[in-house]
2 protein chains.
Amino acid sequence: MRDVAARAGVSAMTVSRVLKGNEGVGESTRQRVLRAVTDLGYRRNETARNLRLGRHSGLVGLVVTNLANPFYAQLALGAEEVVQSYGLRLVLGNTAEQLAQEKHLVQDLVARQVNGLIVVPAGSDQRHLSPGELEGTPLVLAARPPAGIEADTVLVDDFGGARAATARLVADGHERIGFLGNPPTLFTGAERFRGWWSALEEAGLRPREEWVRRGPYTVVTAEAAALELLGQEDGPSALFCANNRLTLGACRAVRGLGAAAAIAGFDDVESADLLGVPLTLAAYAPDEIGRRAAQLLVDRLEAGAATRPTGPPRRTVIPTLLAVYGR
Amino acid sequence: MRDVAARAGVSAMTVSRVLKGNEGVGESTRQRVLRAVTDLGYRRNETARNLRLGRHSGLVGLVVTNLANPFYAQLALGAEEVVQSYGLRLVLGNTAEQLAQEKHLVQDLVARQVNGLIVVPAGSDQRHLSPGELEGTPLVLAARPPAGIEADTVLVDDFGGARAATARLVADGHERIGFLGNPPTLFTGAERFRGWWSALEEAGLRPREEWVRRGPYTVVTAEAAALELLGQEDGPSALFCANNRLTLGACRAVRGLGAAAAIAGFDDVESADLLGVPLTLAAYAPDEIGRRAAQLLVDRLEAGAATRPTGPPRRTVIPTLLAVYGR
DNA sequence: CTGTTAGCGCGTTCAA
DNA sequence: TTGAACGCGCTAACAG
């Protein structure tokens, strides 16, 4: 900046003013400065700027559990879209569902003066995300609700979607419906289980624990579990699967057995209609979660800029839509 | 830091030393400082630190064309993995294949003092990524090669993969093989087209332009193009598809027609074996591109820290592996 | 309309 | 082993 000032024959202050688009600068000096800037290819140092302005970094931290899952990639895209329209950038962190990694990451991002954080929390306790620990950095939770703290949150209608998909199986005449899901310690796991259960009860059917399988499944292990359930004598004639990994595993099992079993599931699956299995999915747009989360955060940032108390935590729930394939 | 110093009864300088893990600090003062730090919940201001150290932000910019594509999400994950092991973080930018957006994004990231950039370039000319424009910020290109500039690059073996997949169709007895691909202005489009062509020539077959379709396809438009090709009288009996979107579209077409056509393609496709179409895919790990690109960048950063001239541009090519499904 | 002074939070350099 | 002075690049507040 000094160099630019020298070349334009003014002080650094004037350069600063020109670059900021400040009013009180003479048109001729203005032009001279601009010339010097382009001649020297000068650009402001954002680091110094942020320091001086006492403001944050203009960055928003996004912490997800597994970026390899297209779900979170879509979420990131949605968040990026909103955030960038406010001149902010996204800093990415992947926790691989490791709580320790999440803590570490969040602390690092706070030290980097991020304006705010969007977190898909890994554990079932988020006290390490309390305002104190975060030095008051605004926080929005995505996909999983807060536990032990209060925070703005964006959720999917896990319960409603699971219930609707299961109810669809019932409407199609299925009376023996199994459940393939996440561990109940995961919020989504518990909610989707509850949805399955409710749909059965409401139809006058008895949920049978022996047709329930829950674990940290991959497509491969889900297939094995589905094979075992569907292979039983008098076993289930249909399965509700609590996420897209499980749905794919179950489809493999159905195809492998050559069975006529139907599958309902949570999350949409690409090319579901080609899989050759009757499929009813509770679908929704993951990028919408990202967009809403980012919007919640930005609102909070702008509110915080005006007045101190920024209101109570808000919670948004994204609805699901039934998608029916392969019939 | 002053507050911590006051509480510990030392100077700010000592606090700085302790936090840096510097040697010459008495054990007792060290403990006092550490106590004060935890008592006050103090954390260093990374912004000020970066400014003072004259170093960059500790951030690496990752600019991709479409994060919604799982391909780039995997790439991002691979890059994040490497980068974080060096204490760096990834700042994300999505260009949606818009050159203007890419220019803007890159300039912004340079102003934010990123240590380096990994870019999947959108256009067919990258002069806006020259060292001058980037203020010397180290750059690695991913998935697409440099044009008009020199830069470290990580590529996939587009030519070899396309040739191998097509050759496999030939080995299976197909003599009439069509091509469904990207526009030739895209590097990958041109290379994969060349691979298809070579495989046919080497087998003594004549590539037929009337069986070539190229455009910016989605799954839906690709399906239409494939339907048209496969529906011809004496049309192709097999199709080579230059990416995963096209492969899926072609599979839909084959299934829709109830045809016996075989498909070969570039990029792996999840659950390809369930699609009910004979499929030969040139597969590779997208996250490996990210990892290599990040490694190339980090090497460059560390070399740059030591001496000025950091050697000529390097180029890595990731091999593909044939995956055969549905037979 | 423009320049001077001062300081954001830290770390390097020297002296004590 | 510890501290004081100084400056990284920028801008708010006050001159002039």
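Chain identifiers are assigned alphabetically (A, B, ...) following the order of the sequence lines, protein sequences preceding nucleic acid strands; residue numbering begins at 1 within each chain. Note that the structure is predicted; figures quoted are calculated from it, not measured.
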**Any pair counted as salt bridge (Lys or Arg N to Asp or Glu O under 4.0 Å), so long as it reaches residues 104-119 of chain B, sequence neighbours left out** = A:R89-B:D108, B:D108-B:R112
**Fill in**
Testing D:dG3, C:dG3, C:dG11 for proximity to the side chain of B:S11, the answer is D:dG3
**Asked** In terms of side-chain heavy atoms of B:V25, which of D:dC8, D:dT11, D:dT2 is nearest?
**Response** D:dT2
According to a strict under-4.0 Å criterion, is [X] in side-chain N/O contact with OP1 or OP2 of [N]?
| X | N | value |
| --- | --- | --- |
| B:S16 | C:dC10 | no |
| A:T14 | C:dC1 | no |
| B:R49 | C:dG11 | yes |

**Message:** Let me spell it out: for each of B:S28 and B:L51, pick the nucleotide of DNA chain D with the closest heavy atom. Which residue's pick is nearer the 5' end?
**Reply:** B:S28
Taking the side chain as C-beta and beyond, is there a heavy-atom pair between [X] and [Y] under 4.5 Å?
| X | Y | answer |
| --- | --- | --- |
| B:Q84 | A:H104 | no |
| A:V110 | A:L117 | yes |
| A:V64 | A:N94 | yes |

Without decimals, in angstroms, what is the distance between [X] [atom1] and [N] [atom2]?
| X | N | atom1 | atom2 | answer |
| --- | --- | --- | --- | --- |
| A:R52 | C:dG7 | CZ | C1' | 6 Å |
| A:N50 | D:dC10 | CG | P | 12 Å |
| A:E135 | C:dG9 | CD | C1' | 13 Å |
| A:R2 | D:dC8 | CZ | P | 6 Å |
| A:K20 | D:dC10 | NZ | P | 13 Å |
| A:M1 | D:dG9 | CE | C1' | 8 Å |
| A:L53 | C:dG9 | CG | C1' | 14 Å |
| B:R112 | D:dC10 | CZ | P | 15 Å |

**Asked** Looking at DNA chain D, which of residues 30-48 of chain B put a heavy atom within less than 4.0 Å of it?
**Response** none
**Request:** Kindly write out the residues that satisfy side chain to side chain donor-acceptor pair (under 3.5 Å) with A:H56, not counting sequence neighbours, or none if the list is empty.
**Result:** none
**Request:** Five pairs at each end of the helix from C:dC1-D:dG16 to C:dA16-D:dT1: take the axis at both ends and give me the angle between them to 10°.
**Result:** 40°
Please list every donor-acceptor pair under 3.5 Å in which a side-chain atom of residues 141-150 of chain A meets a protein atom from a residue at least two apart or in another chain.
from, atom 1, to, atom 2, distance (Å)
A:R144, NH1, A:E97, OE1, 3.4
A:R144, NH1, A:P121, O, 2.8
A:R144, NH2, A:Y72, OH, 3.3
A:R144, NH2, A:E97, OE2, 3.1

**Message:** Strictly distance-based, threshold 3.5 Å: is any side-chain N or O of B:D152 a donor or acceptor partner for the main-chain N or O of B:R314?
**Reply:** yes
**Prompt:** So, does A:R32 use its side chain to make a donor-acceptor pair with the main chain of A:A8 at under 3.5 Å?
**Reply:** yes
Do any N or O atoms of the protein come closer than 3.5 Å to N or O atoms of nucleotides 13-16 of chain C, and which pairs are they?
none

**Message:** Would you say that more than 12 heavy atoms from the other residues, nucleotides or ligands in this model lie under 6.0 Å from the CZ of A:R127, or not?
**Reply:** no
**Asked** Nearest heavy-atom pair of B:Q113 and A:E46: which atoms, and what distance?
**Response** OE1-N, 4.4 Å
**Fill in**
Of all heavy-atom pairs linking B:T95 and B:A122, the shortest is OG1-CB, 4.4 Å
**No-hydrogen, no-angle side-chain donor-acceptor test under 3.5 Å, B:H128 and B:E102** = yes
